[in-house]
**Q** 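There's a structure below that I have some questions on.
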Amino acid sequence: MKVCQQLLSRAFSHRVKSYVVRRTTSDIPATGRWSSAQSASFCSSSAEDRKAQPSMLKHLSSKIRSTGPVSVSEYMKEVLTNPVTGYYVRKNMLGADGDFITSPEISQVFGELLGVWIVSEWMGAGRPEQLQLVELGPGRGSLAADILRVFSQLQSVVGGASVSVHLVEVSLALSRLQAETLTGKRNMEASSEDDPVYRHGETAARVSVSWYRRLEDVPAAFSIFVAHEFFDALPVHKFQRTEKGWREVLVDIEPADPDRLRFVVAPTPTLASSTLVQADERRDHVEVCAEGGVIVQQLARRIEEEGGAALIADYGHDGTGTDTLRGFKGHQLHDVLSIPGSADLTADVDFSFLRRMAGGGVACLGPVTQRMFLKNMGIDVRMQVLLRNCSDPSTRKQLISSYDMLTNPSKMGERFHFFSLLHPSRLAVPKKPQGLKLEKKSPAPLPVAGFTELGF
């Protein structure tokens with residue numbers, strides 16, 4: 001792990017006095033998006049949300065009356081990404097004034113450590129001439145900005161590579177926030193809606209930044225893919241074991257109140273219940289994210305063919321979760337079926353499913369807890385340096401608070417997990433040198449930062 005240690009030293013040697021207080025973690029309610037479903041109460045709806053309710057509810061009700069109850073996956077897709085009234089399309093949901101907050105918004109150290117991981121994997125792949133940073137669901141652009149800052153600090157290392165940023169984002173509103181964070185005014189929208197690159201710009205350091213609606217439109221090249229709190233927002237199918245076998249959970253209109261929705265169990269098998277549930281499944285309630293499986297297959301294929309790696313960080317479990325679908329609004333739990341389109345919907349990621357869908361063409365590491373990953377990446381050492389060089393009491397308090405939020409097992413530390421896809425050659429055992437009598441044992445493959453304990 002000497003390479004990672006050297007990268008940490010170089011990246012942070014000049015940044016002890018430039019830590020930016022992004023926000024005060026004590027202002028985040030205890031029922032933030034990362035909290036467990038059992039520990040938070042449902043929030044009430046605002047007058048504005050009640051006023052906006054009819055459009056999405058009317059649209060869903062009309063569809064259900066025409067074709068019958070819809071799957072939970074279809075419900076989530078409409079509620080979150082409908083091009084007119086979808087939650088992600090029309091609402092700025094991030095930050096203190098939004099419905100949830102993410103790790104990059106809490107501390108820039110989170111993004112800096114991921115930047116070191118990316119450079120480490122680029123070096124482990126033999127320092128390809130081209131390095132594409134591809135982020136799925138980039139939020140405000142804070143994570144990409146922190147990663148690019150590390151690239152700048154490690155210019156002596158990555159300076160020989162052609163670096164570019166590619167953001168997969170369905171929300172035009174969020175893309176504007178990301179553009180402001182990363183490029184300022186140095187960006188413009190495409191003149192045609194059919195253009196796969198719907199926005200393009202460049203950073204102050206002249207790094208190219210492009211926006212896409214679909215992963216498949218990102219150019220084929222050596223890429224490091226980052227997906228932070230992306231897979232948990234993808235639509236899931238829900239299935240319930242019954243005496244007659246597996247049945248799909250659907251969304252229907254409440255008969256006693258046409259302005260309300262309810263969950264129902266399909267009376268007969270659906271195509272999804274017949275194909276998505278594993279034959280040896282032992283749980284009684286299962287959520288399957290078919291769209292997430294397709295995306296992981298795309299990532300695996302690209303990594304296998306073009307080289308690179310993928311780092312996925314999200315809520316999740318390794319095949320043990322059951323009923324995890326929930327809504328968040330104003331940093332509190334929100335009824336999933338209440339006022340559709342007004343709240344974020346999320347379900348824990350099943351990493352065992354992602355591993356199965358990735359196939360045998362790539363190597364999978366994890367999941368490991370966020371606490372373990374960040375500690376393996378050297379967050380303790382980074383924080384010690386920052387605290388040692390910080391004399392401002394309020395900034396010191398923020399540093400300690402953000403560290404606690406990110407690593408405390410009862411907060412984000414064990415709620416979030418890291419999972420990685422790597423090219424098989426990355427973990428291959430180097431060939432033993434021939435003709436060297438001093439060689440006593442076979443060389444070991446280079447360890448992967450974050451998933452292996454780092455010794456300082």
Side-chain angles (χ1 to χ4, degrees), residues 33 37 40 42-94 98-100 102 136-137 139 168-175 213-214 229-239 248-254 257-266 270 272 287-292 294-295 314-315 323-349:
R33 190 182 182 198
F42 289 125
C43 66
S44 59
S45 58
S46 66
E48 180 182 353
D49 287 328
R50 287 193 296 272
K51 185 177 179 181
Q53 176 185 7
S55 56
M56 176 59 75
L57 180 60
K58 184 177 180 180
H59 168 69
L60 290 166
S61 298
S62 176
K63 174 177 285 193
I64 292 171
R65 289 190 182 97
S66 299
T67 62
V70 298
S71 68
V72 173
S73 177
E74 186 174 357
Y75 173 79
M76 290 182 67
K77 190 170 184 178
E78 285 286 353
V79 167
L80 296 178
T81 60
N82 181 286
V84 178
T85 56
Y87 174 80
Y88 289 139
V89 174
R90 67 174 182 80
K91 185 176 175 65
N92 176 19
M93 71 295 297
L94 294 167
D99 296 324
F100 60 88
T102 61
L136 311 182
V168 180
E169 177 58 72
V170 298
S171 169
L172 188 62
L174 278 178
S175 76
R213 294 181 180 86
R214 307 184 308 163
E229 289 202 52
F230 171 78
F231 281 88
D232 72 284
L234 297 178
V236 298
H237 289 270
K238 291 176 73 69
F239 304 104
E248 185 166 9
V249 178
L250 306 174
V251 177
D252 196 5
I253 299 171
E254 174 64 59
D257 186 353
D259 289 333
R260 292 174 61 87
L261 301 174
R262 64 169 182 165
F263 287 119
V264 296
V265 177
T270 62
E287 295 167 338
V288 180
C289 182
E291 187 173 333
V294 171
I295 292 174
D314 228 314
Y315 300 93
D323 184 12
T324 71
L325 176 64
R326 56 206 181 277
F328 280 97
K329 178 177 174 58
H331 300 277
Q332 294 183 336
L333 279 173
H334 180 87
D335 185 349
V336 171
L337 299 181
S338 175
I339 317 179
S342 69
D344 182 35
L345 303 182
T346 176
D348 285 1
V349 177

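Along the sequence shown, residues carry numbers from 1.
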**Q** Would L345 and Y87 count as a side chain to side chain contact (heavy atoms under 4.5 Å, CB included) here? Give the steps.
**A** CA-CA 9 Å; L345 303 182; Y87 174 80; over 6 Å; no
**Q** Do you know which two heavy atoms are closest between P258 and R65, and how far apart they sit?
**A**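 Looks like CB-NH2, 4.0 Å.
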**Q** Among residues at least two apart in sequence or on other chains, which ones pass side chain to side chain contact (heavy atoms under 4.5 Å, CB included) with E78?
**A** H59, L60, K63, N82
**Q** What's the shortest heavy-atom distance between P235 and E291, and which atoms?
**A** CD-OE1, 3.4 Å
**Q** Please confirm whether the backbone N or O of Y88 pairs with a side-chain atom of S171, one donor and one acceptor, at under 3.5 Å?
**A** yes
**Q** A272: what forms a side chain to side chain contact (heavy atoms under 4.5 Å, CB included) with it, not counting sequence neighbours?
**A**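 A272 satisfies side chain to side chain contact (heavy atoms under 4.5 Å, CB included) with H237, F239, E248, T270, L276 once adjacent residues are dropped.
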**Q** Apply salt bridge (Lys or Arg N to Asp or Glu O under 4.0 Å) to R262 and list each qualifying residue two or more places apart in sequence or on a separate chain.
**A**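 Per chain and number, R262 pairs via salt bridge (Lys or Arg N to Asp or Glu O under 4.0 Å) with D252.
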**Q** On a heavy-atom basis, which atom in L261 and which in P340 lie closest, and how many Å separate them?
**A** CD1-CG, 4.5 Å
**Q** Could you list the residues that satisfy side chain to side chain contact (heavy atoms under 4.5 Å, CB included) with V265, not counting sequence neighbours?
**A** T242, R247
**Q** Hey, what do you get for CD (E169) to CG (L136), rounding to the nearest 0.5 Å?
**A**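 Going from the CD atom of E169 to the CG atom of L136 covers 10.0 Å.
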**Q** Rounded to the nearest 0.5 Å, what separation is found between the CG atom of L337 and the CD atom of E254?
**A** 10.0 Å
**Q** Got a sec, which residues hit side-chain hydrogen bond (donor to acceptor under 3.5 Å, both in side chains) with T324, two or more places apart in sequence or on another chain?
**A** E287
**Q** Taking side chain as C-beta onward, heavy atoms only, is V251 less than 4.5 Å from F263?
**A**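 Sidechains of F263 and V251: in contact.
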**Q** Minimum heavy-atom separation for V336 and G327, please, with both atom names.
**A** CG2-N, 3.7 Å
**Q** Please name the pair of heavy atoms, one in V249 and one in V72, separated by the smallest distance, quoted to 0.1 Å.
**A**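 Heavy atoms only, the tightest pair is O-CG2, 3.5 Å.
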**Q** Are side-chain heavy atoms of V168 and F230 found at a separation under 4.5 Å?
**A**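 V168 does not reach F230 side chain to side chain.
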**Q** Would you compute the distance between atom CD1 of I64 and atom CG of L250 and round it to the nearest 0.5 angstrom?
**A** 9.5 Å
**Q** Got a sec, which residues hit side-chain hydrogen bond (donor to acceptor under 3.5 Å, both in side chains) with D323, two or more places apart in sequence or on another chain?
**A** K238
**Q** Can you sort out the partners of D348 under salt bridge (Lys or Arg N to Asp or Glu O under 4.0 Å), two or more places apart, ordered by chain and number?
**A** R326, R415
**Q** Tell me every residue that passes side-chain hydrogen bond (donor to acceptor under 3.5 Å, both in side chains) with S175, counting only those two or more places apart in sequence or in another chain.
**A**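 S175: side-chain hydrogen bond (donor to acceptor under 3.5 Å, both in side chains) contacts with R199.
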**Q** Run the side chain to side chain contact (heavy atoms under 4.5 Å, CB included) test on I339 and K329 for me, step by step, so that the C-alpha distance in whole Å, both residues' side-chain angles and the decisive distance to 0.1 Å come before the verdict.
**A** CA-CA 11 Å; I339 317 179; K329 178 177 174 58; over 6 Å; no
**Q** Is there a donor-acceptor contact under 3.5 Å from the side chain of D232 to the main chain of D314?
**A** no
**Q** Search all heavy atoms of A343 against all heavy atoms of L80 and return the closest pair with its distance.
**A** O-CD2, 4.2 Å
**Q** Find the distance between OG1 (T85) and NZ (K58) and round it off to the nearest 0.5 Å.
**A** 12.5 Å
